[in-house]
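Every chain is numbered from 1 and lettered A, B, ... according to where its sequence line falls, protein lines coming before strand lines.
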2 protein chains.
Amino acid sequence: MTTGERRRTDARPRAFEEVLARIEERIAADGLTVGDRLPGERQLAEQLGVGRSSVREALRVLETLGVVASQAGRGPDAGAVLTSRPGDALTDLLRLHLGLATLSMREVIDTRLMIEQWAAARAAAAPARTATARMAEAIAAMDAARDPAEFVEHDIAFHLALAEAAGNRLIVAVVRALRDALRRYAVDAVVRLGDTGGLQDDHRRIHRAIEDGDAGAAAAAVAEHLARAYPESGPDS
Amino acid sequence: MTTGERRRTDARPRAFEEVLARIEERIAADGLTVGDRLPGERQLAEQLGVGRSSVREALRVLETLGVVASQAGRGPDAGAVLTSRPGDALTDLLRLHLGLATLSMREVIDTRLMIEQWAAARAAAAPARTATARMAEAIAAMDAARDPAEFVEHDIAFHLALAEAAGNRLIVAVVRALRDALRRYAVDAVVRLGDTGGLQDDHRRIHRAIEDGDAGAAAAAVAEHLARAYPESGPDS
DNA sequence: AGACCAAATATGGTCAGACCATACATCCTG
DNA sequence: CAGGATGTATGGTCTGACCATATTTGGTCT
């Protein structure tokens, strides 16, 4: 009776949070991995002693974080399957927080510069043939691009290959998210520049530095490139 | 009464995704920001022509991404309020993907090194008094710490202050998430080291370099520090 | 008037049950 | 044996009810 003074930040375990914890335990305990299936929603609800809607909310959280994907129907591919899409989650995260002005464009662009410099230096230290080959392909595709949107798509592929060349999946996910968040801005930037020759020169310089194993030159080329692409680091706002 | 006409023409956007899109539009259109309230769940459901459960799933997604927080009851603080907690979302993301072996400890540690080096250099370029003061406080607290867990807590505060000194909220969120993900590992590392004198020397060196405005020395000190804390950067797996 | 307590109310949290939509599985034809 | 009709397991959604919580309101006693 005297327990009336409950405020937020007290401990209040909601049912779906309990479900979340139990599913996470189960993943760890059973050593589940990408491709494995979770029990059906109804079965899970019965096992955990909660309603199906609570199970669904928990699954929605896991889907948002990119660890499960649900598929209706019947068969091996149906149900809630463990996946690995951290990039999608990061993309949503950035987009929403940019929309709320919680993060400014300047912060996102600065972060991107940091990451890509590091990735370039790292890639130069241990160049991976497949990744550098994809970088070259992207450069060629940009040469052939007919409009800014197409150019930007291949530009994204270039920077993604750069991140992959660094051999760190977390970095790849972050770069993908940053580029998705900046996609519209990037198209505008290309339109504003008009001539993409300078950008392409940068791309070629980055690519060459990585193939030559010159980490310092690679990082410097990336810095120069992003400074050209985002001259003032955005209008903040 | 919306059950009369269902268009099954295209690939189906799920109802809660539609709700998500509409809420996002509304945030942008009305210029909503942190602290503003969304309509109640029942009201939203009626406005958007969907069931309350679909609204709830959408809100769960937004909560997962750290943009809303729900509070029951009545009054100005009740309901779904826009917030800004990107760090929590990142923490969940890392923890789950580490559990799924989608990301390795090595990748997380490498990422952390990159970010903190950058943050230290950045902080040295424009030292903020409040942040450097908090770094000094954290160092003193670590001197007084009586057990590894307590030491690690203040160590987290130190590295968080370092990130904040760089003046980039996205970086702060990422550092927080990385440290949370590595918290257990960090305690083990402190126990293994036994003597924290070397770590504290590092902290003091980082702090001094930032106050002196020596970006190069700050970055180098951070690199040395993390190399000491994570000697082998984990077995990759 | 003021203080205090009880009821009303608004809000999220949860559950149960019922459908629908989907896609594979199974069976029954011909 | 091929191919369509039916069965069934799964997610997706809606409805309505009830609970828990916290503020607001209003009435009562001092």
Roughly, in whole Å, what's the span from CZ in B/R42 to C1' in D/dC18? 10 Å
What nucleic acid atoms does A/A45 come within less than 4.0 Å of, heavy atoms only: base, sugar-phosphate, or nothing? nothing
Those residues at least two apart in sequence (or on a different chain) that pass side chain to side chain donor-acceptor pair (under 3.5 Å) with B/T83 are none
Send over the distance from A/Q71 CD to D/dG12 C1', rounded to a whole Å. 12 Å
Write down the distance between CZ (B/R14) and P (D/dG11), rounded to a whole number of angstrom. 11 Å
Short N-O contact, B/D188 and B/R184, less than 4.0 angstrom: no
Taking only residues two or more places apart in sequence or in another chain, which ones pass ring-ring contact (aromatic ring centres under 6.0 Å, His included) with B/F158? B/H203
When the distance from CZ of B/F16 to P of D/dG11 is rounded to whole Å, what number comes out? 14 Å
Only counting residues at least two apart or in another chain, list the ones meeting side chain to side chain donor-acceptor pair (under 3.5 Å) with A/S84. B/T102
Candidate nucleotides D/dT23, D/dT13, C/dG12, ranked by approach to the side chain of B/P76 - the nearest: D/dT23
Sub-3.5 Å donor-acceptor pair from the side chain of B/E107 to the main-chain atoms of A/R169, do we have one? yes
Side chain to side chain donor-acceptor pair (under 3.5 Å) with A/Q47: which residues, sequence neighbours excluded? A/R26
Does anything in residues 27-41 of chain B form a side chain to side chain donor-acceptor pair (under 3.5 Å)? List the pairs, not counting sequence neighbours. B/E41-B/R52, B/E41-B/R56
Provide, to the nearest angstrom, the distance between the CD atom belonging to A/Q43 and the C1' atom belonging to D/dG11. 14 Å
Could you tell me how far apart B/E41 (CD) and D/dT15 (C1') are, to the nearest whole angstrom? 15 Å
Find the distance A/E63:CD to D/dG12:C1' and express it as a whole number of Å. 11 Å
Any residue meeting side chain to side chain donor-acceptor pair (under 3.5 Å) with A/S70, in chain and number order, not counting sequence neighbours: none
Nearest-nucleotide wise, let me know which of A/E17 and B/A78 is further upstream toward the 5' end of DNA chain C. B/A78
Does anything in residues 60-73 of chain B form a salt bridge (charged side-chain N to carboxylate O under 4.0 Å, His left out)? List the pairs, not counting sequence neighbours. A/R14-B/E63, A/E57-B/R60, B/R60-B/E63
Nucleotide D/dT10, atom P - distance to CG of A/L38 in whole Å: 13 Å
Quick check on the helix from C/dA1-D/dT30 to C/dG30-D/dC1: what's the angle between its two end axes, five base pairs per end, to the nearest 10°? 20°
The correct set of residues in residues 51-58 of chain A placing a heavy atom under 4.0 Å from DNA chain C is A/G51, A/R52, A/S53, A/S54
Using distance only, find each side-chain donor-acceptor pair of residues 172-182 of chain A under 3.5 Å and give its atom names and separation, not counting sequence neighbours.
from, atom 1, to, atom 2, distance (Å)
A/R179, NH1, A/D155, OD2, 2.5
A/D180, OD1, A/R183, NH1, 3.0
A/D180, OD2, A/T91, OG1, 3.4

Protein-nucleotides 7-10 of chain C N/O pairs under 3.5 Å:
from, atom 1, to, atom 2, distance (Å)
C/dT9, O4', B/R74, NH1, 3.2
C/dT9, O2, B/R74, NH1, 3.1

Validation: residues 92-100 of chain A side-chain donor-acceptor distances under 3.5 Å, sequence neighbours left out:
from, atom 1, to, atom 2, distance (Å)
A/D92, OD1, A/R95, NH1, 3.1
A/R95, NE, B/E24, OE2, 2.6
A/R95, NH2, B/E24, OE1, 3.2
A/H97, NE2, B/L65, O, 3.0

